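Note sheet for the following structure.
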Amino acid sequence: MTAKTMVVTTAPKAAVRRRMPLRTAIGSGLGLLVVLTVAIGPWVIGKDPYAIDIANRFAGPSAEHWLGTDELGRDVASRIASGARATALIALGAVGIATAVAIPLGLLTGFLGGWVDLVVTRVVDLFLAIPSLLVAIGVVGVFGASVTTTVLALGLSYWPFYTRLIRSAVVGIRSRAYIDAARVLGASRWRVIRTEILTGLAPLVLLQTTVLLGFAVLDEAALGFLGLGVQPPQASWGSRLAESREFILAQPELALVAGVPIVVAVFAVNLLSDALRDRLDARRIS
Amino acid sequence: MSGIPLLSVRGLGKEFRERGFGSGRSVVRAVDDVSFDIHQGETLGLVGESGSGKTTIGRMIVRLEEPTSGRIELRGEDLRDLSGRRLMEFRRDVQMIFQNTQNAFNPRRSIRSVLSDPYEIHRLAAGRELEERIGELMRRVGLTPEMLDRYPQQFSGGQRQRIGIARALALQPSLVIADEPVSGLDVSVQAQVLNLFAGLRRELGLAMLFISHDLRAVYFLCERIAVMYLGRLVEIGPRRRLLENPVHPYTRALVGSIPAFQPGGGFTRTVIQGEISDSEPTATGCHFAPRCALWRELGRPERCREARPPLSPAPGGGMAACHFADVPGSQAAEFGDAAPGAHSAVGPVNLAARLPGGSG
């Protein structure tokens, strides 16, 4: 019997170029709008968001005030633009905290298993049992309402389920034969985590981060609306919403203008994370 | 074969305990007092049904699993004592090939990255030399260096198994544990991969533990064969003796279960009655007794239920664990029920009709 072997080689298929889906196009467009507002909005509008002009209160849109003025005669457009910065900061900060806690904890519990897993997972369950709004009220109650406490409150309410998510993903990856293969080759625990587990986790983290950013924008607005978030007169999307609430019957367009950016931002993030999910699907790597 | 064996397994046992706390958890004895040797350059086939504990033995040898009892020695050195630098030397000496080729590779890493692992972990090569070594590895298993930048899912199962073999060979081990390396592959591809194994063994002088449930693959590749049933070794011996004159009723049934074509059309095979789960793993007695044709034939002797049969020398070489291994007439006894439409007289196992005619 001859040990002759032959292998048929196949050339990789050239990637089929496809038109960008409508969803991705809209998502990128809206996302770009939000990013531009945060980055250069206040500079383009060029108005002081805190300058009060009582004589000009509730003025409609004009060349002077693009989106009109609010109950104190402040320029609404520039308040939304500078509020976007506060909101973006809060969202990024909260998601950053949640991610920074969830990844190490998820790796620890999922990879090590045993009693560490048991103890930490119970603690996580405990936190999951507390409604996030209650956590936020608690944090604000202790530290007082501000940008920092909003970041803290949101971060604290996101980390438990994020940790669970990471943990279950790690458990799924850990049982793969390629983890065994790495161990048999003599890879250290740290190397296994770095080369095998984090590579598998990266798409999930990227995706979850974008989804959470959307939630954070929404929750910042909710906290602001309840008076637990950023406090007026400081501008944020949440506090803008809170300010407009008092005049919702007399001047509903103010609340509408305050709400639209939130809707746009969340919509953009959701569309983009959908597109991202499709792109990161391992089966489509080529 | 003389001198100190490369691998020596003595009284190996592994118990799995149900998850949780406390003492009320049930214990499964996956491997029960198993002993065997593998010599330099020798291939031992380990066969048995799913759940017979053969994979667990392989995983204990590469230290993916901790034995509950017993000893594993490589060149006379107990594996449990290994740590640090010695453990890394052991890793270079013993490698493993996995069954499931889809799970054996991280889908997010290119083959180049995967095959660089052994050299990076053991700091054996870097830069241009690494590149050359990986390319050489690919050619050795019948692939080309041009495929290095592809991802695992862009290969067929057979190609992936070749890459698995390349990964195991990178460290130039003296012993390879191959855990059902061809059972996930198409039959046509199985032959190619088996040929590759045979060639590599010859060229590199590898010793191998070839875990499989496919007797034909084992017959083709292995000098000796060990048969497991429910965690215990029931028979071990030279391949030809074991397959042509099986002593243990279970081995006989296994050999008889290979379908054989009859010259006049149709085929025969014997079917073992019952499932492996019908056998209760008892501390005493023979695990196979509830399904054993010989046991029924002999009028269900109590001895098989009460005393665990020890491995004792079998005629023609090797060992078998059966109280009635030497009962005259049992050699020609018919086992199990003949498959529907089969000839009634199976007689002595007709190997020529059942196994490939290779001489290895």
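These values consider heavy atoms only, across backbone and side chains, with no hydrogens, waters or symmetry-generated copies. All values reported here derive from a predicted model rather than from experimental measurement. Residue numbering restarts at 1 for every chain, and letters A, B, ... go by the order of the sequence lines.
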Hey, is the main chain of [Y] close enough, under 3.5 Å, to the side chain of [X] for a donor-acceptor pair?
X: B:R160; Y: B:T101; result: yes
X: A:T87; Y: A:W237; result: yes
X: A:R176; Y: B:N103; result: no
X: B:R239; Y: B:Y219; result: yes
X: B:K14; Y: B:E66; result: yes
X: A:R174; Y: A:G110; result: yes

* With chain B, which of A:A182, A:A177, A:A202 has the greatest number of heavy-atom pairs at distances under 4.5 Å? -> A:A177
* Structure fact -> From the list A:I173, A:I179, A:D180, the residue making the most non-hydrogen contacts under 4.5 Å with chain B is A:D180
Which bit of [X] comes within less than 4.5 Å of chain A, counting heavy atoms only: side chain, backbone, both or neither?
X: B:M88; answer: side chain
X: B:R92; answer: neither
X: B:F98; answer: side chain
X: B:V94; answer: backbone
X: B:L64; answer: both

* To do: Please list, in residue-number order, every residue in residues 184-200 of chain A that has a heavy atom less than 4.5 Å from any heavy atom of chain B; write 'none' if there are none.
  => A:V184, A:L185, A:G186, A:A187, A:R191, A:T195, A:E196, A:T199, A:G200
* Option in B:R63, B:R59, B:Q99, B:Q102 with maximal non-hydrogen atom pairs under 4.5 Å from chain A ->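 It is B:R59.
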* To do: In sequence, state the C-alpha distance, the side-chain angles, and the governing distance for B:R109 and A:Y178, and then conclude on side-chain hydrogen bond (donor to acceptor under 3.5 Å, both in side chains).
  => CA-CA 11 Å; B:R109 297 180 65 198; A:Y178 57 80; over 6 Å; no
* Any salt bridge between B:E223 and B:R201, counting N to O under 4.0 Å? -> yes
* To do: Answer yes or no: is there a side-chain heavy-atom contact under 4.5 Å between B:S212 and B:L46?
  => no
